[in-house]
Structures are given as structure tokens and as C-alpha cells.
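Down below is the structure, laid out as C-alpha cells.
FYI, side chains are in, hydrogens and waters are out, and symmetry mates aren't considered; it's all heavy atoms of this structure.
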Amino acid sequence: MLKTVLLLETVAEDADALLHDNVRVLTAYGERPLADIVQQETIHAVITRGKGQVNQALLDACPALEVVARCGVGLDNVDVQAATARGIRVINAPGANAATIAEHAMSLMLMLVRNMYNSVSQVRAGNWNGRNQYSGDELTGKTLGILGLGNIGRRVARLAEAFGMQVVYWDLNPNPSVSYQALPLEELLAKADVISLHLPLTPETDQLLNADRLALLKPGAFLINTARGGLIDEQALLNALNQGNLAGFGADVLSEEPPAADDLLSRHPKTMITAHVGSLTATTYRTMCMYTVQNVLTFLAGEAPAPESVFNRVALGL
Ligand SMILES: O=C(O)[C@H](O)COP(=O)(O)O
């Protein structure tokens, strides 16, 4: 029997073609409402990206579900506990976007710390002479505090070292095999010149950077968030930018995406915010989608999916 896969969001073209070649594909982003689909169809697999919610209601509506796949890394939109309790396999793509997110974090860091955006805007406006005003600073010699030393955090650490930064980190589970110094969170916040977030959004990390913790930042510090908006109390962040120690905020994520029309953070002169594009580079997007789809097909065929800790582009022929 041909298995049925429900796509909650689009995937890269060749991953989509691979699915169509092997299974029956239904989409929740077409004409047919999701409620109708789950009521009338037998769904064996659900594939989502960052928006489609795989919650208890969806799981309950799909009694034949065998596997949920997150085409990406963050699992905050998937009720992993409920799925696992039902014996449904949850697959994501750990490490798949580590290189590109790390590059994005470094880009935001460089743009902010060097005041690049303002300088470019001035030149575009025909004003070369304001150059002293937009000189910025350099990363070399600065201390980078990484929150979360997983696949992405470690990659950022390596790039930052190459830029001559001193790397310290905080993680719920410090990694004894790395050479970077692990610090208590409060100590790191007070010490780092630049802080970069690389944590998943979980009940433990929700609003981790609250008003009290933001108040600990070193005067003139910069904060980078390419992980999840919910890690930061954004109102407290605004206050820190307006009155506090924070010199700048660079992010690819916000707690509400897209932000409300009257959102102040994304328009603030000290922020530089991109629209959750970190994983959307042509290479990573395709790789992540192919990896996920191949894993789903392997699982539906009754075989073990690729080990979750291994992300291997060579094995995928990419
Ligand atoms: O968790 C992830 O993999 C990234 O945030 C990318 O999310 P996206 O699939 O919504 O682009």
C-alpha cells in the first residue's frame, strides 16, 4: 500500500519531487483545509518546517501516524513528548544548518559591531563625509559569550576564534571535551562583549534573558539571536536598548514572526533584524529538505532512519 505523507509547509523542489515519486502527498497549504484532510485521509507521516504546528490536536486527528519530521532543527513547534508517548517517531535534521546559521550570526555580529549598515546607508545617501561617525569597532580581541554550545554554537565558536575573539560559553549541560571556558550564566553576561544565542526554545530556556539578566550586561555589549525570539523578554530588551547597557541587537528571529505592524524592536536604530532567513540559503535549504524526506521514506519503508547525530552531505550526494 502506498503510504500518505502530509506536508504542512513547502519543501525544496527536488525533495518534493522525491516524495511524489515514492508516496501519496497531501498538502496543508493548498485549497483543502487541514481539518478536512485529517478527517478524511489516513496519514502515515507529517513533514513540517518552523511554522506548522504538530500539536496534540493534530496527533489525535491522525491515528495511523508513524513519523513526524521537522525539516530543520528547532522542535518547538512539535509536541515531541505527546508524539513519543504514542510511539510516533520524531525526526529532525541536527547539524544540518549549523554552518549557515553560524555564518549568519557572524554576519550580524560584524554588521552591528562595525556599524556597517549605517555606514552603507550614508554612502548610498551620497554622504561620504560622515565616516568618523560610523566607524564602529572590531571583533578581534573581544570576548564572545555563547549561550548553548551545540552544533551551531560550536561552529560559531570556531569562526569567532578565527576572528581573534576569546570564546566563553554557558550551557545547561557543559561539554567537558571542549577547550572553551564554561561560565555560570550571570558571570558570562557580565563578562562578554558580544553574546550569541544558540539554544533551543524549551520551558527551561523560555525568556532566559529576562530583565534581571539583561541588566547584568557589560556596558556597550552587543546581543545576537539567531535561535528563537522567545529566549528573550523583548520588552526588557527594548528598555535595555533605550536606557541600558546594550549597544546593539542583531537577530534573525523574533517572538512574533512576522512582527506586529507597530513592533518597535525591528525598527529600532540599534537593531539589525533579518526575517528568519538563516537556514534558507540555497545549499542548506535543499540539503535539509533532502535529508528529511529521505529519512521519512527510509522510515516508512521499515528501515532505521539515518543516525540523528550524523549529518552527512556526501552521503546524500550533495
Ligand atoms: O529550526 C530551524 O531549523 C530553523 O529555525 C529554520 O526554521 P525554518 O524551517 O522555519 O526556516
Does the [X] side chain pair with the main chain of [Y], one donor and one acceptor, at a distance under 3.5 Å?
| X | Y | answer |
| --- | --- | --- |
| Thr271 | Gly250 | no |
| Asn245 | Leu217 | yes |
| Glu9 | Arg49 | yes |
| His276 | Val253 | no |

I'd like to check the side-chain hydrogen bond (donor to acceptor under 3.5 Å, both in side chains) partners of [X]; sequence neighbours left out, ordered by chain and number.
| X | value |
| --- | --- |
| Asn210 | none |
| Thr292 | none |
| Glu186 | Arg213 |
| Gln40 | Arg32 |

Does any part of the side chain of [Y], heavy atoms only, come nearer than 4.5 Å to the side chain of [X], both counted from C-beta?
| X | Y | result |
| --- | --- | --- |
| Leu139 | Met106 | yes |
| Val156 | Val167 | no |
| Thr143 | Lys218 | no |
| Asn77 | Val54 | no |
| Trp170 | Leu208 | yes |
| Leu189 | Leu209 | yes |
| Ile101 | Asn151 | no |
| Thr4 | Thr42 | no |

| field | Evaluation steps, side-chain contact (heavy atoms from CB on, under 4.5 Å), between Asp14 and Met290 | value | CA-CA 7 Å; Asp14 42 6; Met290 285 298 276; 4.1 Å; yes
Count I, L, V, M, F, W, Y as connected when their side-chain heavy atoms are under 4.5 Å apart, and connections chain through other members. Are [X] and [Y] then in the same cluster?
| X | Y | answer |
| --- | --- | --- |
| Leu183 | Val178 | no |
| Leu280 | Ile224 | no |
| Val73 | Val293 | no |
| Val168 | Leu144 | no |
| Ile152 | Leu201 | no |

Rounded distance [0.5 Å steps], [atom1] in [X] versus [atom2] in [Y]:
| X | Y | atom1 | atom2 | answer |
| --- | --- | --- | --- | --- |
| Ser135 | Arg131 | OG | CZ | 10.0 Å |
| Ile195 | Leu185 | CD1 | CG | 8.5 Å |
| Leu223 | Leu197 | CG | CG | 5.5 Å |
| Leu147 | Tyr169 | CG | OH | 12.0 Å |
| Thr10 | Tyr285 | OG1 | OH | 4.0 Å |
| Gln181 | Glu187 | CD | CD | 7.5 Å |

| said: Run the side-chain contact (heavy atoms from CB on, under 4.5 Å) test against Ala251 and tell me which residues pass, sequence neighbours left out. | reply: Asn225, Phe249, Ile273
| said: Glu303: which residues meet the side-chain contact (heavy atoms from CB on, under 4.5 Å) condition with it, sequence neighbours left out? | reply: Thr298, Ala301
Nearest atoms (heavy-atom pairs only) where [X] meets [Y]:
| X | Y | value |
| --- | --- | --- |
| Val296 | Ala69 | CG2-CB, 3.4 Å |
| Gly72 | Asn92 | O-CB, 3.4 Å |
| Ser279 | Met288 | CB-CE, 3.8 Å |
| Ser266 | Leu254 | CB-CD1, 4.4 Å |
| Ala157 | Leu149 | CB-CD1, 4.5 Å |
| Leu59 | Ala82 | CD1-CB, 3.7 Å |

| field | Remaining members of hydrophobic cluster (4.5 Å side-chain criterion), Trp128 | value | Val123
| Checking side-chain contact (heavy atoms from CB on, under 4.5 Å) for the pair Glu103/Thr281: CA distance, chi angles, key distance, verdict? | CA-CA 11 Å; Glu103 285 184 20; Thr281 53; over 6 Å; no
What pairs of residues pass the salt bridge (charged side-chain N to carboxylate O under 4.0 Å, His left out) test when at least one of them lies in [range], not counting sequence neighbours?
| range | value |
| --- | --- |
| residues 140-163 | Asp137-Lys142 |
| residues 21-30 | Arg24-Glu41 |
| residues 52-72 | Lys3-Glu66 |

Could you pull out every donor-acceptor pair under 3.5 Å between side chains of residues 108-116 and any protein atom, sequence neighbours left out?
from   : atom 1 : to     : atom 2 : distance (Å)
Asn115 : OD1    : Asn118 : ND2    : 2.8

| request: Report, as yes or no, whether the 6.0 Å neighbourhood of atom OH on Tyr117 holds more than 12 heavy atoms from other residues, nucleotides or ligands. | output: no
Which donor-acceptor pairs under 3.5 Å do the side chains of residues 226-238 make with protein atoms, sequence neighbours left out?
from   : atom 1 : to     : atom 2 : distance (Å)
Arg228 : NE     : Asp76  : OD1    : 3.1
Arg228 : NE     : Asp76  : OD2    : 3.1
Asp233 : OD1    : Gln235 : N      : 3.1
Asp233 : OD1    : Ala236 : N      : 3.1
Glu234 : OE1    : Ser255 : OG     : 2.7
Glu234 : OE2    : Ser255 : N      : 2.8
Glu234 : OE2    : Ser255 : OG     : 3.4
Gln235 : NE2    : Asn239 : OD1    : 3.3

| said: Show, in sequence, the C-alpha distance, side-chain angles and deciding distance for Leu58 and Gln53, and conclude whether the side-chain contact (heavy atoms from CB on, under 4.5 Å) test is met. | reply: CA-CA 8 Å; Leu58 183 66; Gln53 299 297 313; over 6 Å; no
| message | Between Val5 and Asn22, does the side-chain contact (heavy atoms from CB on, under 4.5 Å) criterion hold? Intermediate values first, please. | response | CA-CA 10 Å; Val5 175; Asn22 288 281; over 6 Å; no
